[in-house]
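Okay, so here's the structure we're looking at.
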Amino acid sequence: MQEENKEEFKEKIEKAKEELREYRDNIRYIEEKQNDAEELRTRIEKTTHKLTEVQSGKGDNLDKAPLEESLDKIKEIEKDCDKKLQELLIKKFVVENKIEQLDQPYKSILYLRYIRGNTLNKVSEDMGYSYDHICKLHGKALKNYAEL
């Protein structure tokens, strides 16, 4: 019976870690998607500026299909970002609410580690504890988080 409880406990800890990592990874994903959209927007603005100069100088009627395709791609990326952002906001609320329920120093450790994305070395440095002590507290923090 006790062995079964240990397995359940390990499973809870793994789920807690996964939830916290997923939160961190989703933030990175959205940031990358936003960077992609901004990069495309900048390219299109440069292209549009050049097209405007060429058209005003020659009066030619240039093919705008590539430009429209690029604009469609930006809209698609922005739509995907908006959808992911909505999902992330819900998960963010859940994760941050759970972290807020913890006592200190567990709250700070999980916040710095998963919300801010710091390494445990950086967390120990910021909090003024040894790395080994932070590792132990991190394990306890995960345990407490998993039990919520």
Side-chain angles (χ1 to χ4, degrees), residues 1-53 62-148:
M1 183 72 174
Q2 192 174 5
E3 190 65 33
E4 191 173 303
N5 287 339
K6 284 183 182 180
E7 286 303 315
E8 278 182 38
F9 177 70
K10 285 181 181 179
E11 195 173 301
K12 280 184 178 182
I13 294 291
E14 285 306 312
K15 284 182 182 179
K17 284 181 182 179
E18 182 59 33
E19 183 176 70
L20 291 164
R21 285 184 193 125
E22 183 180 337
Y23 170 88
R24 185 183 61 215
D25 293 344
N26 280 337
I27 288 175
R28 288 181 186 148
Y29 172 79
I30 286 176
E31 287 172 352
E32 288 301 318
K33 285 294 214 176
Q34 288 172 334
N35 289 340
D36 289 349
E38 187 60 37
E39 186 178 306
L40 275 172
R41 184 176 283 114
T42 301
R43 284 187 202 161
I44 289 173
E45 286 172 359
K46 286 179 182 178
T47 304
T48 303
H49 181 69
K50 288 178 183 176
L51 283 173
T52 303
E53 286 177 357
L62 298 173
D63 183 17
K64 294 183 181 178
L67 182 62
E68 289 173 0
E69 287 174 18
S70 295
L71 289 171
D72 288 342
K73 189 170 183 173
I74 285 178
K75 288 177 187 175
E76 186 179 312
I77 290 171
E78 287 175 337
K79 187 178 177 181
D80 185 41
C81 282
D82 286 343
K83 182 181 174 188
K84 287 286 185 187
L85 188 57
Q86 292 303 317
E87 293 170 9
L88 177 62
L89 287 173
I90 292 168
K91 289 179 182 180
K92 181 179 190 288
F93 176 78
V94 170
V95 168
E96 289 182 357
N97 187 41
K98 284 183 178 181
I99 290 173
E100 282 298 316
Q101 293 177 45
L102 299 174
D103 294 329
Q104 289 293 2
Y106 309 120
K107 182 189 306 190
S108 292
I109 291 169
L110 293 185
Y111 178 81
L112 292 171
R113 175 70 184 105
Y114 296 99
I115 306 299
R116 289 277 178 92
N118 295 334
T119 64
L120 287 178
N121 278 327
K122 177 76 171 130
V123 172
S124 66
E125 195 177 292
D126 289 349
M127 293 184 68
Y129 291 114
S130 72
Y131 174 78
D132 290 339
H133 188 62
I134 283 295
C135 287
K136 290 175 189 174
L137 291 175
H138 178 255
K140 289 178 185 177
L142 286 172
K143 176 184 176 247
N144 293 343
Y145 181 94
E147 291 174 350
L148 294 176

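No experiment lies behind these values; they were computed from the predicted model shown.
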### Pairs involving residues 88-103, ordered by first then second residue, that meet side-chain hydrogen bond (donor to acceptor under 3.5 Å, both in side chains) (sequence neighbours left out)
Glu19-Lys98, Glu22-Lys91, Tyr23-Glu96, Lys92-Glu96

#### Entry: For Tyr29, all residues meeting side chain to side chain contact (heavy atoms under 4.5 Å, CB included), sequence neighbours excluded
Lys33, Asp80, Lys84

### Residues that Glu31 engages under side chain to side chain contact (heavy atoms under 4.5 Å, CB included), provided they are two or more places apart
Ile27

### Task
Please determine if Lys79 and Asp82 form a salt bridge, counting it only when a charged side-chain N lies under 4.0 Å from a carboxylate O.
no

### Query
At what distance, to the nearest 0.5 angstrom, does CE of Met127 lie from CD1 of Ile134?
5.0 Å

### Message
Distance check, rounded to the nearest 0.5 Å: Ile115 atom CD1 versus Ile99 atom CD1?
### Response
4.0 Å

### Query
Do Lys15 and Glu11 sit within salt-bridge range, that is, some charged N less than 4.0 Å from a carboxylate O?
yes

### Message
Could you measure the distance from the CD1 atom of Ile109 to the OH atom of Tyr145? Nearest 0.5 Å is fine.
### Response
15.0 Å

### Task
Find the distance between CG (Leu148) and CG (Leu102) and round it off to the nearest 0.5 Å.
5.5 Å

### Message
Could you tell me if the side chain of Leu20 sits less than 4.5 Å from the side chain of Arg24, heavy atoms only?
### Response
no

### Query
How about His138 and Tyr114: are their ring centres within less than 6.0 Å of each other?
yes

### Task
Report the distance from atom CD of Glu147 to atom CG of Leu142, rounding to the nearest 0.5 Å.
11.0 Å

### Query
Going from CD on Gln86 to CD1 on Ile90, what distance comes out if it is rounded to the nearest 0.5 angstrom?
7.0 Å

### Message
Taking side chain to side chain contact (heavy atoms under 4.5 Å, CB included) as the definition, give me every residue that meets it alongside Glu14, ordered by chain and number, with sequence neighbours left out.
### Response
Lys17

### Query
Considering residues at least two apart in sequence or located in another chain, which fulfil the salt bridge (Lys or Arg N to Asp or Glu O under 4.0 Å) criterion with Glu32?
none

### Message
I'd like to check the side chain to side chain contact (heavy atoms under 4.5 Å, CB included) partners of Asn118; sequence neighbours left out, ordered by chain and number.
### Response
Leu112, Arg116, Lys122, Val123, Asp126

